[in-house]
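One structure is given here, and the rest of the page talks about it.
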Amino acid sequence: MRLARLLVCALALLNLFGCQSLREQRLAAHYPPAVVDGFEAGCSSWRSATGPLGQFDKDAPRYMAEPLYTQGWDDGFRQCEDVQRIDDW
């Protein structure tokens with residue numbers, strides 16, 4: 001009975017978190033919105049830079065003006081780069 005209750009609780013939590021986007025998960029984990037915005041932009045920029053057109057996309061004014069956005073952008077860029085490196089290995 002206890003195992004069944006634990007399993008139901010685990011599945012409920014998994015369902016709850018499985019329905020959230022990465023953005024929603026980070027905001028729910030109390031990341032500042034500017035960090036989350038920067039992370040998404042950095043990862044997207046890395047994907048664009050490595051795409052067929054090789055374009056690099058960065059909101060330079062925001063990157064220079066907002067330290068939290070800068071931190072998120074750098075983290076997102078590096079994390080997406082690392083994920084690709086692991087996939088290629």
Side-chain angles (χ1 to χ4, degrees):
M1 183 68 167
R2 185 174 179 197
L3 181 60
R5 192 178 325 164
L6 182 62
L7 183 59
V8 168
C9 289
L11 288 174
L13 283 174
L14 186 61
N15 188 32
L16 176 66
F17 289 115
C19 294
Q20 291 182 322
S21 69
L22 182 58
R23 176 181 187 79
E24 291 168 335
Q25 289 175 14
R26 290 181 184 275
L27 291 171
H30 305 291
Y31 282 91
V35 172
V36 176
D37 290 347
F39 186 91
E40 289 177 339
C43 187
S44 175
S45 185
W46 186 85
R47 288 188 198 120
S48 294
T50 59
L53 301 178
Q55 295 179 334
F56 190 79
D57 183 31
K58 183 188 268 188
D59 183 353
R62 188 170 184 192
Y63 185 89
M64 299 299 289
E66 295 182 43
L68 290 176
Y69 179 84
T70 302
Q71 175 187 346
W73 196 97
D74 291 342
D75 289 347
F77 191 89
R78 277 192 300 269
Q79 186 169 336
C80 286
E81 180 181 32
D82 289 344
V83 166
Q84 183 63 43
R85 212 177 284 145
I86 290 168
D87 288 345
D88 289 345
W89 192 63

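Other cluster members for Leu22: Phe39, joined by side-chain heavy-atom distances under 4.5 Å among Ile, Leu, Val, Met, Phe, Trp and Tyr.
Taking CE from Met64 and OH from Tyr69, the interatomic distance works out to 13.0 Å, rounded to the nearest 0.5 Å.
Remark: Asp59 pairs with no residue by the salt bridge (Lys or Arg N to Asp or Glu O under 4.0 Å) rule, at least two apart or across chains. Legend: residues meeting ring-ring contact (aromatic ring centres under 6.0 Å, His included) with Tyr31, ordered by chain and number and at least two apart, are absent. Arg47 pairs by the salt bridge (Lys or Arg N to Asp or Glu O under 4.0 Å) definition with nothing, not counting sequence neighbours. Partners of Leu68 by side-chain contact (heavy atoms from CB on, under 4.5 Å), not counting sequence neighbours, listed by chain and number: Pro32, Ala34, Val35, Gln71.
For the salt bridge (charged side-chain N to carboxylate O under 4.0 Å, His left out) condition, the pairs that include at least one residue of residues 62-73, sequence neighbours left out, are Asp37-Arg62, Arg62-Glu66.
Smallest separation of non-hydrogen atoms from Ser45 and Phe77: C-CE1, 4.4 Å.
In this structure, the side chain of Thr50 engages the main chain of Trp46 through a donor-acceptor pair within 3.5 Å.
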